[in-house]
Amino acid sequence: MPKKYDTPLLDQLEKGSYPSFVTEIKKAAAKNEQANDLLGALEQCYKDKKTHWKHGGIVGVRGYGGGVIGRYSDIPDQFPGVAHFHTVRINQPSGFFYNSKALRELMGLWDQYGSGLTNFHGSTGDLVLLGTKTEHLEPLFAEVSSRGWDLGGSGSAMRTPSCCVGPGRCEWSNIDTLDITYNITQEFQDEMHRPAFPYKFKFKTSGCAVDCIASIARADCSIIGTWKGDIRIDQDAVKWYAKNGMDINAEIINRCPTRCMSYDGKEIKIANEDCSRCMHCIAKMTKALRPGKEKGATILIGSKAPFVVGALLSWVIVPFMKMEPPYTELKELTRKIWEWWDEHGKNRERTGELIERKGMRNFLEFIGVNPQPAMIKEPRRDPFYFWQPDELK
Amino acid sequence: MPKKYDTPLLDQLEKGSYPSFVTEIKKAAAKNEQANDLLGALEQCYKDKKTHWKHGGIVGVRGYGGGVIGRYSDIPDQFPGVAHFHTVRINQPSGFFYNSKALRELMGLWDQYGSGLTNFHGSTGDLVLLGTKTEHLEPLFAEVSSRGWDLGGSGSAMRTPSCCVGPGRCEWSNIDTLDITYNITQEFQDEMHRPAFPYKFKFKTSGCAVDCIASIARADCSIIGTWKGDIRIDQDAVKWYAKNGMDINAEIINRCPTRCMSYDGKEIKIANEDCSRCMHCIAKMTKALRPGKEKGATILIGSKAPFVVGALLSWVIVPFMKMEPPYTELKELTRKIWEWWDEHGKNRERTGELIERKGMRNFLEFIGVNPQPAMIKEPRRDPFYFWQPDELK
Amino acid sequence: MSAPQRKTDIGPPHFKQFLPPVIQKNYGSWKYHEVLRPGTMVHVAESGDKVWSVRMASPRLISTDFVRDICDVADKYCDGFFRFTSRHNVEFLVSDESKVKPLEDDLKKRGMVMGGIGSRVSNIVHTQGWVHCHSAATDASGLVKIIMDEFIDYFTTKELPNKVRFAVACCTNMCGAVHCSDIALVGVHRKPPIPDHARIPNTCEVPSTIASCPTGAISPDPAKKSVKINNDKCMYCGNCYSVCPALPISDPVNDGVAIVVGGKVTNLRTAPKFSKLVYPWLPNNPPKWPEVTNAIKGILEAYAKGAQKHERVGEWIDRIGWEKFFKVTKIPFTFQHIDDFTFARETFRTTAAFKW
Amino acid sequence: MSAPQRKTDIGPPHFKQFLPPVIQKNYGSWKYHEVLRPGTMVHVAESGDKVWSVRMASPRLISTDFVRDICDVADKYCDGFFRFTSRHNVEFLVSDESKVKPLEDDLKKRGMVMGGIGSRVSNIVHTQGWVHCHSAATDASGLVKIIMDEFIDYFTTKELPNKVRFAVACCTNMCGAVHCSDIALVGVHRKPPIPDHARIPNTCEVPSTIASCPTGAISPDPAKKSVKINNDKCMYCGNCYSVCPALPISDPVNDGVAIVVGGKVTNLRTAPKFSKLVYPWLPNNPPKWPEVTNAIKGILEAYAKGAQKHERVGEWIDRIGWEKFFKVTKIPFTFQHIDDFTFARETFRTTAAFKW
Ligand code: SRM
Ligand code: SRM
Ligand code: SRM
Ligand code: SRM
Ligand code: SF4
Ligand code: SF4
Ligand code: SF4
Ligand code: SF4
Ligand code: SF4
Ligand code: SF4
Ligand code: SF4
Ligand code: SF4
């Protein structure tokens with residue numbers, strides 16, 4: 001494909017030592033008309049300091065209500081190659097693991113049916129195929145699905161779940177993040193592909209409270225691995241850290257949020273009943289400290305971006321849940337939550353927002369969970385609360 | 001006065017080693033019909049487990065719109081002595097200082113015109129004369145006012161200001177709490193006696209951040225003394241505390257919220273630019289540490305009880321104000337605040353609630369105060385804020 | 001006898017006339033103080049002058065005779081000068097050291113109680129209750145009396161990790177300082193008001209009654225020229241009753257006392273804090289409210305045992321965490337503890353780090 | 001060529017096929033790890049087996065050729081196995097120690113950048129921007145590129161007190177993790193949308209347009225069969241434009257970038273935190289946004305200098321206080337910093353203890 005546009009502004013973003021997305025677009029542009037026009041269209045945005053994309057109309061593949069984001073240029077005459085430029089969300093494998101064979105095949109298909117540009121990955125977690133025409137959607141889907149790939153979520157549906165690397169490569173994972181993610185994705189295929197919820201619903205799973213998938217900040221259901229029982233201490237390794245120059249008091253003991261640790265210059269002691277399992281000491285002394293042995297997860301609900309009344313972090317709903325396949329308890333809980341949300345949720349009302357609007361009690365009673373102090377940072381301040389008739393005389 | 005009622009329930013509250021209000025009522029009842037009937041009426045409440053008071057109608061003294069709380073019994077036939085039982089709020093002297101002569105005189109009048117029962121003091125600060133009949137209000141007022149006493153506030157008016165003992169007996173007072181309170185009370189007599197505000201407005205003044213008058217929790221305008229400059233340290237006194245068994249590290253250094261103190265076993269050092277003037281170290285080592293020398297006050301606005309949307313603590317509005325008679329800056333600020341509140345406040349909307357409703361910017365711009373980081377715990381989280389036309393291009 | 005010439009807008013007497021000479025002389029020039037006994041402290045001025053304060057409990061609701069007794073004592077030992085504290089205690093201000101001991105002895109002889117200075121329980125900030133208020137869901141003076149009786153030792157002798165400030169309010173208007181106290185009681189209703197349709201048309205202004213409800217639970221009942229209450233929306237605040245007396249809300253069986261804890265006012269160490277709900281309801285059992293004293297006892301003892309020196313109740317709880325607080329006090333955790341009001345979201349736990 | 005048999009609802013490929021044998025064998029049995037270099041770490045299994053991860057930067061927006069290059073490298077050094085991280089970096093998973101160094105050398109030769117492990121800046125979580133979104137008030141990829149260029153040393157070599165997580169979102173929808181990042185950028189508008197009355201009647205559904213406005217700034221304009229915007233109420237969120245394309249809100253001069261800081265996600269030490277506003281607006285100056293990089297530099301350097309080991313940006317600020325933060329960074333404090341939204345009251349300072 002010959003160079004079609006001068007891009008003096010974008011060209012400046014090929015300098016500097018970090019790999020350049022402009023170079024990537026140019027690489028694709030060299031053999032792809034759509035990518036070539038994207039380059040021109042993007043330069044135009046840089047010149048005009050504004051976006052040139054219009055609203056997406058509803059486009060998709062047969063039998064699916066989501067997985068494709070429609071997108072049209074507002075200056076299609078200038079850049080016909082991106083007149084339509086829809087993205088296709090491919091559901092990534094758990095933990096973003098790949099091998100070369102599978103991806104080479106997929107990339108080949110994308111060169112054939114799309115712009116040759118991708119996002120590894122979208123911030124929800126999908127493998128995003130970035131930009132194709134409406135008429136390519138069906139053939140592309142036939143090709144990729146026949147090779148074992150499926151679409152991710154979009155619209156008012158369950159969104160593509162994602163997770164941290166977990167047991168795949170991390171010593172702290174208390175749960176099988178990869179399997180949980182795969183399992184619930186399979187279980188809820190229908191909820192993912194055929195939007196029928198009041199709004200989007202996201203799952204993210206982290207193996208421990210380090211939360212390397214940022215689940216607590218951006219998942220309607222955040223699953224975070226944790227443990228019961230004492231932190232396991234290898235006192236020889238403690239000595240090794242001390243010898244290797246770690247200031248154990250400054251770095252560990254004094255930074256423990258619950259002040260439940262002590263160090264006498266030789267050994268570390270932990271008052272485990274006061275430990276909040278924040279992971280600090282374990283993360284900073286991986287050779288010496290390891291989580292306790294009874295494994296499970298804390299289920300937190302509700303996080304989201306700031307629209308409409310400010311961002312939410314997820315709230316603890318089930319302090320401890322055993323996580324063993326087939327994850328029946330989690331699935332039942334999920335279905336209960338969706339049932340309640342379906343019944344009461346307004347259009348474009350996320351689960352967390354609904355809980356706020358209806359009150360935690362209404363939610364907990366419906367899903368059958370008892371009130372527990374772990375659910376709150378602090379009890380209410382005001383003296384204005386309700387009683388149910390059966391609580392009175 | 002003969003005993004009129006059996007009070008088996010209240011009698012139980014004469015036991016125990018703490019002085020008993022029941023005994024006090026009985027003392028008054030011995031010579032006063034109203035007090036006698038109060039005893040019976042109160043026993044009735046104890047029996048019925050509910051109040052027997054009705055709403056107060058509007059009662060008062062000529063020329064005043066407040067200062068008297070009207071109160072009527074809902075069983076006047078049973079207890080005619082308290083059929084009316086209005087309280088009279090007498091504006092207490094600054095700091096609750098008295099001498100025997102003045103109070104003997106006042107108590108004499110109250111025996112004559114009222115129940116002989118009082119509150120030293122009401123929780124706003126007034127000397128409360130507890131219970132009299134409508135027809136006694138005028139003569140009582142003539143008597144007390146001719147002897148130098150005046151009514152306090154009630155209704156939608158400025159309420160009786162109050163303050164801590166301050167320079168009267170405290171080594172930490174940075175401002176003359178007693179004089180400020182007297183001065184503003186005099187200045188705003190009209191605003192106090194003739195309710196014309198949207199709702200009540202309270203002033204409370206503390207000499208330092210210890211806040212012994214609880215101003216930050218229950219005053220629409222909280223005036224709290226503070227300083228600039230370094231905390232003065234007497235290192236000999238530090239040694240004296242150490243010698244007398246104080247664990248300076250545990251009690252002082254490690255409890256300093258900003259961690260700006262250090263102690264080498266001999267001397268205390270303070271990084272004053274990091275001190276937040278919380279008063280902990282000074283209060284616990286009064287002989288060794290003293291506030292800095294440049295004196296003034298922080299003005300905080302808005303605290304109140306929980307109705308309607310939860311309690312408020314006062315908010316920092318003016319981080320530092322010099323406080324010298326005649327306190328012109330404070331008075332001007334107050335008038336500005338009232339002007340704004342008068343203009344925008346709804347009926348029964350406190351100043352703090354109005355600031356919340358209209359936004360801090362609107363308030364600050366009107367009163368002419370610039371935004372400063374001291375006003376906030378943290379900046380806003382969400383990206384939803386306004387711009388004024390003159391801030392744009 | 002004709003009334004004397006009334007005056008208006010003269011304001012309170014100037015405080016200066018009530019300051020003992022030693023205070024006038026050393027006004028604003030105090031250097032330090034020492035707590036000598038739970039009820040006695042001495043303040044030392046830059047000049048070297050001293051003033052002794054002897055603090056005596058008062059039930060706040062006092063007779064004129066009580067005041068005259070104070071006056072007698074003050075005349076005898078401190079030239080008639082005394083003051084009240086912001087917590088309703090009496091402070092005798094003595095400038096002559098030799099009179100301190102005799103004053104204390106005299107007070108003891110009179111059956112008075114001294115204390116409350118230092119890391120102790122002091123007198124309770126409270127309100128009118130059944131003694132004077134139409135709005136009261138419980139009594140205040142009675143509760144104060146039984147609490148102070150119960151914890152008298154913490155006033156007169158025993159020390160605690162820090163001051164413990166109690167407050168009592170008889171309804172959710174919370175006159176006083178309940179919302180920022182270490183341990184506080186507030187009278188609460190638990191049933192919606194029952195409209196008295198016979199009286200409402202004549203007694204109440206319907207629009208302002210409707211407007212008074214914070215939750216929008218009140219609507220017009222045009223047929224009856226009265227109002228209807230949506231019981232599902234009512235949280236029994238009693239505000240409507242304040243506006244319309246024909247909406248009685250008192251209920252001897254279901255009214256009661258809530259306990260909130262962990263508030264503070266002072267800026268020392270940590271910022272002022274609001275009190276938080278720990279007992280949503282305990283029964284009104286006058287005259288002794290045994291359930292209430294018992295509950296407070298559990299809290300106070302857990303605090304006395306668990307807190308470090310200088311930690312206030314709220315600081316102790318913040319350190320150990322609310323989940324641990326409920327564990328050590330064995331207070332049952334209920335739906336009422338979970339905020340469902342305007343700022344609920346700020347109270348939900350947004351971290352996976354908490355204690356079992 | 002006829003299309004192959006399409007399948008539906010099969011879900012993603014099972015991850016197991018993509019796990020290298022060493023991981024399959026030691027799945028869930030890792031013991032510890034060591035960071036060897038800024039771009040290389042080794043995880044050691046209970047069995048003693050090891051897997052080396054070599055982490056390489058990616059611009060996220062990549063061509064199929066880039067992916068094929070990765071595949072080539074993976075084939076050569078790690079049997080074709082690799083993964084992406086949750087921050088879009090590539091990780092080559094090597095089970096043969098002898099291949100680690102050659103892999104690193106190869107990547108260097110290809111001009112690739114390794115790093116981001118440990119207490120460093122890592123890749124930036126970001127969004128579509130002008131590359132693909134109709135809603136964008138700024139570009140995302142461009143901002144990411146200039147920031148990573150500017151702070152590349154903190155990716156490849158230099159250490160910081162702890163990890164610093166950047167995020168970029170091109171509009172207030174904030175796809176990504178802006179709301180909980182150490183340092184994040186968000187594209188913002190500053191002028192109300194201008195209704196295109198010609199198009200609205202045919203293009204937009206008036207009731208849902210009105211309903212879309214969080215502040216109630218939109219009302220019907222029946223004469224024009226269109227809508228009116230109350231400019232005083234509009235806070236330029238762009239939500240109405242999402243619903244009605246005939247309400248354009250982009251403005252090349254007044255659109256720009258806000259900076260928020262101090263958020264975190266992890267539960268270590270302190271609870272997850274929201275990011276807070278520090279620069280309400282900086283101009284859109286593509287392709288280099290010098291004002292933005294400059295501003296970030298000021299913040300990052302103040303953090304590097306002021307924070308203690310293991311303190312995240314937000315933890316450092318919490319320790320020194322926001323008033324001190326504004327002082328040391330010299331960022332001007334404006335009305336925009338003071339919250340006036342639903343939870344404003346939680347952000348006002350309710351203590352007399354603050355720093356000068
Ligand atoms: C592609 C992606 C950004 C990216 O470049 O990574 C994206 C792109 C869009 N998001 Fe998003 N969101 C993406 C992850 C997120 C995330 C992050 C996450 O999922 O972890 C969030 C924050 C978390 C959350 O869900 O709250 C997010 C919060 C939003 C919101 C605000 C939702 C809210 O409740 O506040 C909207 C607005 C909406 O739903 O109308 C939105 C809407 C959109 C739309 C569909 C714009 C629109 O209004 O129609 C964007 C389409 C862009 C395009 O042209 O391709 N996007 N969006 C991410 C999805 C890729 C993927 O599938 O992997
Ligand atoms: C007497 C006193 C209680 C006491 O025993 O000490 C009192 C008694 C009443 N208060 Fe109060 N308040 C008293 C101090 C307070 C305080 C504490 C303070 O001022 O430091 C507060 C909390 C701080 C505040 O202002 O928010 C307080 C917050 C209220 C409220 C709630 C106001 C709000 O905005 O949330 C009401 C309700 C109202 O105004 O309608 C109220 C209303 C009332 C009324 C007038 C009841 C009513 O609705 O008509 C009570 C009359 C009782 C009676 O029969 O005598 N009272 N009230 C206090 C005044 C005595 C004095 O002048 O010294
Ligand atoms: C007399 C009085 C002021 C007045 O104008 O009446 C007063 C007087 C003193 N207070 Fe206070 N405080 C007085 C009410 C308060 C209040 C307000 C309240 O209780 O409603 C508070 C805030 C309580 C809160 O945070 O909830 C208060 C919190 C303090 C503190 C902070 C204690 C702490 O570490 O949290 C100190 C410092 C200390 O004790 O080390 C203090 C210290 C002092 C000192 C030592 C100041 C001095 O150098 O003279 C005085 C004697 C202390 C004592 O009683 O132990 N005073 N003090 C008040 C006595 C009330 C009473 O009868 O018990
Ligand atoms: C590979 C990855 C997981 C994945 O499934 O992809 C991962 C891997 C590890 N993380 Fe993470 N974290 C990964 C995203 C995250 C995230 C999520 C994010 O950035 O959006 C967080 C939360 C960030 C936040 O709070 O805003 C995260 C916060 C941490 C922390 C906490 C640091 C702290 O003290 O605050 C640790 C512990 C540590 O570094 O001591 C950690 C530790 C680790 C360890 C050491 C875990 C282990 O033993 O294997 C791994 C290598 C650390 C490193 O990169 O320095 N990881 N880590 C992610 C790499 C992203 C990248 O390319 O840079
Ligand atoms: S969240 Fe925990 S288990 Fe998962 S990768 Fe991070 S540290 Fe490991
Ligand atoms: S996990 Fe956190 S709370 Fe528990 S001991 Fe370690 S640092 Fe302390
Ligand atoms: S507030 Fe400060 S100045 Fe006033 S009495 Fe208390 S400690 Fe003294
Ligand atoms: S006043 Fe408070 S902040 Fe300042 S040095 Fe003393 S303890 Fe620290
Ligand atoms: S708290 Fe309620 S009942 Fe008690 S005095 Fe105040 S308004 Fe009356
Ligand atoms: S008690 Fe309160 S909530 Fe119930 S109807 Fe009356 S005003 Fe409304
Ligand atoms: S942040 Fe806004 S502009 Fe960027 S991708 Fe998301 S919706 Fe589009
Ligand atoms: S930009 Fe946002 S605030 Fe302004 S009119 Fe549109 S929806 Fe309303």
Side-chain angles (χ1 to χ4, degrees), chain A residues 9 12-13 16-19 21 24 27-28 45-46 49-51 53-55 63 91 93-94 96-100 103-104 107 110-111 116 119-120 123 139 142 145-146 148 150 167-169 171 178 185-186 189 209-211 213-214 216-217 255 257 278-280 286-287 305 308-309 311 313, chain D residues 3-13 15 18-19 23 27-28 30-32 43 57 59-67 71 74-75 80-81 83-84 86 125 130 134 136 141-142 145 148-149 152 174-177 179-180 214 245 250 252 265-269 272 284 286-287 310 342:
Chain A
L9 293 172
Q12 298 182 49
L13 295 175
S17 37
Y18 206 73
F21 72 102
E24 293 305 310
K27 271 154 69 179
C45 295
Y46 269 64
K49 299 189 189 181
K50 58 177 277 202
T51 185
W53 300 105
K54 291 200 298 188
H55 284 257
N91 195 334
S94 289
F96 315 107
F97 279 97
Y98 295 99
N99 66 22
S100 52
L103 277 194
R104 276 215 183 83
M107 294 303 105
W110 185 234
D111 280 338
N119 285 148
F120 277 86
S123 40
S145 69
S146 71
D150 200 349
R169 199 201 50 200
E171 64 266 37
L178 304 175
T185 310
Q186 292 295 345
Q189 280 291 300
V210 175
D211 200 3
I213 199 73
I216 204 168
R255 294 221 172 263
C278 81
M279 285 296 297
H280 173 74
T286 172
K287 293 184 183 173
V308 179
V309 280
L313 283 155
Chain D
Q5 183 55 47
R6 88 203 277 279
K7 293 184 191 156
T8 61
D9 296 306
I10 56 172
F15 57 91
F18 299 137
L19 302 178
I23 286 187
Y27 193 80
W30 304 100
K31 206 166 163 207
Y32 66 90
H43 283 75
R60 189 183 87 132
L61 197 181
I62 54 181
S63 64
T64 49
D65 283 347
F66 188 96
V67 179
C71 291
D75 282 342
F81 292 104
R83 72 180 290 268
F84 290 84
S86 61
V125 169
W130 294 335
H134 70 279
S141 310
K145 166 71 176 152
M148 289 307 293
D149 279 348
I152 189 75
M174 298 209 322
C175 302
H179 58 298
C180 295
S250 285
V265 164
T266 192
N267 295 279
L268 273 69
R269 300 171 302 281
N284 256 343
H310 300 315
T342 324

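Both backbone and side-chain heavy atoms feed into the values below; hydrogens, waters and symmetry mates do not.
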OG1 on D:Thr64 to CD on A:Glu24, rounded to 0.5 Å: 9.0 Å

Over all atoms of both residues, closest heavy-atom pair of D:Val265 and A:Ala217: CG2-CB, 4.1 Å

Top contributor to chain D contacts, counting heavy-atom pairs under 4.5 Å, from A:Asp211, A:Ile216, A:Leu9, A:Asp111: A:Asp111

Over all atoms of both residues, closest heavy-atom pair of A:Leu103 and D:Val67: CD1-CG1, 3.8 Å

Engaged part of A:Gln186 at the chain D interface, taking heavy atoms whose separation is under 4.5 Å: side chain

Choice from A:Lys27, A:His55, A:Lys54, A:Gln189 maximising heavy atom contacts with chain D below 4.5 Å: A:His55

Max heavy-atom pair count under 4.5 Å with chain A, selected residue of D:Ser86, D:Ser250, D:Ser63: D:Ser63

Contact leader toward chain D among A:Thr185, A:Val308, A:Ile213, where contacts are heavy-atom pairs under 4.5 Å: A:Val308

Part of D:Ile10 within contact of chain A (heavy atom distance under 4.5 Å): both

Top contributor to chain A interface from D:Gln5, D:Lys31, D:Arg60 [non-hydrogen pairs under 4.5 Å]: D:Arg60

Backbone N/O of A:Cys278 and side chain of D:Asn267: donor-acceptor pair under 3.5 Å: no

Residue, of D:His134, D:Lys7, D:His179, D:His43, that accumulates the most heavy atom pairs under 4.5 Å with chain A: D:His134

Heavy-atom pairs under 4.5 Å with chain A, option from D:Leu61, D:Asp9, D:Asp65, D:Thr8 with the top count: D:Asp9

Contact summary for A:Asn99 and D:Phe18, nearest pair of heavy atoms: N-CD2, 3.4 Å

Minimal non-hydrogen separation, A:Asp150 against D:Gly11, with atom names: OD2-N, 2.9 Å

Spacing of D:Ile62 atom CD1 and A:Met107 atom CE [to the nearest 0.5 Å]: 7.5 Å

Donor-acceptor contact below 3.5 Å, side chain D:Asn284 vs main chain A:Lys49: no

Distance (rounded to the nearest 0.5 Å) between D:Arg83 CZ and A:Ser94 OG: 11.0 Å

Proximal component of A:Ser17, with respect to chain D [non-hydrogen, under 4.5 Å]: both

Contact winner vs chain A - D:Cys180, D:Gly176, D:Pro214, heavy-atom pairs under 4.5 Å: D:Gly176

Chain D contact via A:Lys50 - which portion, at a heavy-atom distance below 4.5 Å: both

Most chain A-contacting option - heavy-atom pairs closer than 4.5 Å, from D:Cys175, D:Gly80, D:Ala177: D:Gly80

Working for side-chain contact (heavy atoms from CB on, under 4.5 Å), residues A:Phe97 and D:Phe81: CA-CA 8 Å; A:Phe97 279 97; D:Phe81 292 104; over 6 Å; no

Heavy-atom pair of closest approach, residues D:Pro272 and A:Leu313: O-CD1, 3.8 Å

Residues forming a salt bridge (Lys or Arg N to Asp or Glu O under 4.0 Å) with D:Arg269, sequence neighbours excluded: D:Glu315

Selection from A:Pro19, A:Ala305, A:Gly148 maximising heavy-atom pairs under 4.5 Å formed with chain D: A:Pro19

Best-contacting candidate, A:Ala209, A:Pro257, A:Ser146, A:Pro93, against chain D by heavy atom pairs under 4.5 angstrom: A:Ala209

Contact leader toward chain D among A:Ala214, A:Cys45, A:Pro167, A:Ala28, where contacts are heavy-atom pairs under 4.5 Å: A:Pro167

Which portion of D:Thr342 sits near chain A, non-hydrogen atoms under 4.5 angstrom: side chain

Contact summary for A:Tyr46 and D:Gly142, nearest pair of heavy atoms: OH-CA, 3.1 Å

Gap between atom CG of D:Leu19 and atom CZ of A:Arg169 - 0.5 Å precision: 11.5 Å

